[in-house]
Protein chains: 2
Amino acid sequence: MAADYAKILEGITPKRMVLADGDVVMRAGERVSAIFAVENGHVALSRHGSVVHVADPGTLFGESGLFSETNPVDAVARGPAVVSAYPQEHVLLFLRAHPEINMAFSAYLARRLNAARARIELAKLKGAEARVVAFLTQAGAAQGWIKVGQPLSHIAADIGLTHEAFYRTLRKLVDKGVLERNGRRGFWLRGGNE
Amino acid sequence: MAADYAKILEGITPKRMVLADGDVVMRAGERVSAIFAVENGHVALSRHGSVVHVADPGTLFGESGLFSETNPVDAVARGPAVVSAYPQEHVLLFLRAHPEINMAFSAYLARRLNAARARIELAKLKGAEARVVAFLTQAGAAQGWIKVGQPLSHIAADIGLTHEAFYRTLRKLVDKGVLERNGRRGFWLRGGNE
DNA sequence: CGATATCTATGATCGCGGTCACAGAAGAGA
DNA sequence: TCTCTTCTGTGACCGCGATCATAGATATCG
């Protein structure tokens with residue numbers, strides 16, 4: 001997988017971890033040992049019991065812990081997953097030794113920061129419909145068919161809705177002709193945007 | 001202002017910009033010219049017409065544009081504001097030349113990422129009371145008196161509530177004996193937490 | 001200093017979405 | 001295959017918080 005962090009970590013040999021649903025990758029408060037890349041499946045990061053972020057395939061997690069002594073969050077596999085663990089010390093040494101790679105890492109963090117901020121503003125939208133449309137738009141459903149990679153009920157929780165409200169809103173959007181569905185997880189927002 | 005990005009940019013001379021409400025700092029699609037620090041006021045970043053982030057005083061914005069050719073977002077002043085523009089090329093040269101500063105910049109981005117994710121956690125809490133208590137706790141109101149630095153109505157919007165609901169929730173917490181107030185902006189959470 | 005805008009605050013009403021309840025569909029495992 | 005779990009989906013009810021209305025308290029500015 002040509003993930004956008006590929007160049008950053010290509011010089012480091014990761015430890016591969018194969019996880020079952022619910023397996024713990026790291027616990028909040030533990031010493032930081034590594035930065036992780038999701039190869040397959042999903043990993044939920046939670047803080048005080050509530051999910052803060054869901055790491056998708058092709059993304060890193062634990063990036064913020066790289067610069068601190070202890071992990072700020074719990075990381076638990078959502079369903080079967082495969083992650084690569086890149087030892088913290090190797091990564092830090094590598095970044096220090098390769099300024100260009102370091103720049104690329106900063107760029108990667110900046111992109112993730114943007115995504116997180118977009119999610120915050122999404123959460124502030126009032127009304128289930130606005131949030132669902134915003135989510136689908138961010139996912140690219142306005143440019144053509146997209147296929148979401150996780151259960152709709154998880155998405156509902158991610159955008160701060162119950163699954164019931166989410167399903168009802170999807171139906172309403174379809175009835176309005178704004179949204180088309182293909183199977184259970186295929187979506188296409190058509191309608192007078194842009 | 002001793003912002004936590006101070007050390008990163010201290011070697012670069014910014015261009016000061018004084019803005020009125022609605023003034024455009026940068027437009028999506030334009031060539032990137034600088035990274036910005038908000039000295040005063042607020043700057044709204046939007047993409048495809050919807051707000052992605054509101055930059056507060058003491059924070060940077062345009063960090064992601066630093067690594068690309070063109071701006072990904074519009075930036076418009078929300079009310080009168082003062083921002084410092086640090087020319088992109090100077091910042092890039094500076095970071096390339098000083099690996100340790102580059103690491104510090106990565107660490108800054110990682111901290112912001114953490115903060116953003118904590119905010120996501122807060123936004124997902126259900127119920128006005130839970131969100132208000134979470135906000136006050138994050139602000140340190142469980143450790144003693146704190147004084148918030150912005151109008152309560154703005155805080156209400158930040159945590160996804162109307163100001164009316166926010167005021168009512170504060171009152172309810174005071175009635176319950178969980179919260180004490182000192183003047184309009186002083187708060188202290190007492191009660192069996194921890 | 002007085003005029004004006006903003007902030008803080010509370011009450012009444014109403015609609016959205018959470019909760020509860022139920023069920024078919026799909027997937028996992030034996 | 002059959003069982004069991006999870007996911008997807010819909011309906012009924014009702015409580016929380018958005019909205020509308022109003023007003024005193026503060027802040028701002030000429």
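Hydrogens, waters and symmetry mates are skipped; everything else that's a heavy atom, side chains included, is used.
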By side-chain contact (heavy atoms from CB on, under 4.5 Å), which residues pair with B:Arg119, not counting sequence neighbours?
A:Ile120, B:Asp158

Grab the N/O contacts between the protein and nucleotides 22-29 of chain D below 3.5 Å, and write none if there aren't any.
none

Nucleotide C:dA9, atom P - distance to CG of B:Leu173 in whole Å:
13 Å

CG/B:Leu109 to OH/B:Tyr5 distance, rounded to the nearest 0.5 angstrom?
13.5 Å

Those residues that, when tested against B:Pro72, pass side-chain contact (heavy atoms from CB on, under 4.5 Å) (two or more places apart)
B:Arg47, B:Ser64

What is the distance from CG of A:Asp21 to P of C:dG29, rounded to the nearest Å?
11 Å

In chain order, what residues pass the salt bridge (charged side-chain N to carboxylate O under 4.0 Å, His left out) check against A:Arg184, with sequence neighbours excluded?
none

Over how many whole Å does the gap from B:Leu170 atom CG to C:dC7 atom C1' extend?
14 Å

Interatomic distance where CD1 belongs to A:Ile155 and C1' belongs to D:dT8 [whole Å]:
12 Å

With a non-hydrogen cut-off below 4.0 angstrom, is B:Gly160 in contact with a base, only sugar-phosphate, or nothing?
sugar-phosphate

dist B:Trp188:CH2 -> B:Arg181:CZ (nearest 0.5 Å) comes out at 16.0 Å

The answer to which of B:Gly183 and A:Glu129 contacts DNA chain C further toward the 5' end, by nearest nucleotide, is B:Gly183

Quick one: list whatever passes ring pair (Phe, Tyr, Trp, His ring centres under 6.0 Å) with B:Phe36, sequence neighbours left out.
B:Phe61

Determine: side-chain N/O of A:Tyr167 to OP1/OP2 of D:dT8, distance under 4.0 Å, yes or no.
yes

Is the distance from OP1 or OP2 of D:dG9 to the nearest side-chain N or O of A:Arg181 less than 4.0 Å?
yes

Which ones in residues 144-151 of chain A lie close to DNA chain C, meaning a heavy atom under 4.0 Å from one of its atoms?
none

Atom-to-atom span, CZ of A:Phe166 to P of C:dC16 - whole angstrom
19 Å

Stems where DNA chain C pairs, listed by first number, each of three or more Watson-Crick or G-U pairs under 3.5 Å
C:1-30 with D:1-30

Polar atom pairs (N or O), protein with nucleotides 19-21 of chain D, under 3.5 Å:
residue : atom : partner  : partner atom : Å
D:dT19  : OP2  : A:Lys126 : NZ           : 3.1
D:dT19  : O4   : B:Arg168 : NH2          : 3.1
D:dC20  : N4   : B:Glu164 : OE2          : 3.0

Taken in chain and number order and not counting sequence neighbours, the residues that satisfy ring pair (Phe, Tyr, Trp, His ring centres under 6.0 Å) with B:Phe94 are B:His98

So, B:Glu39 versus B:Ser84: side-chain donor-acceptor pair below 3.5 Å or not?
yes

Not counting sequence neighbours, which residues clear salt bridge (charged side-chain N to carboxylate O under 4.0 Å, His left out) with B:Arg131? List them please.
none

Nearest-angstrom distance from the residue atom CG of A:Leu152 to C1' of D:dG9
10 Å

By ring pair (Phe, Tyr, Trp, His ring centres under 6.0 Å) - contacts of A:Tyr167 (at least two apart):
A:His163

Between CD on residue B:Glu180 and CZ on residue B:Arg190, distance to nearest 0.5 Å
4.5 Å

Main-chain N/O of A:Ala55 paired with A:Thr59 side-chain donor or acceptor, under 3.5 Å
no

Specify the separation, in whole Å, of atom CZ of B:Arg131 and atom C1' of D:dC16.
11 Å

Residue set satisfying salt bridge (charged side-chain N to carboxylate O under 4.0 Å, His left out) with A:Glu30, at least two apart, ordered chain then number -> none

In Å, rounded to the nearest 0.5 Å, how long is the span from NE2 of A:His53 to CG of A:Leu45?
6.0 Å

Phosphate OP1/OP2 of C:dA9: any B:Arg171 side-chain N/O under 4.0 Å
no

Whole angstroms only, please: what is the NZ-C1' distance between A:Lys172 and D:dG11?
15 Å

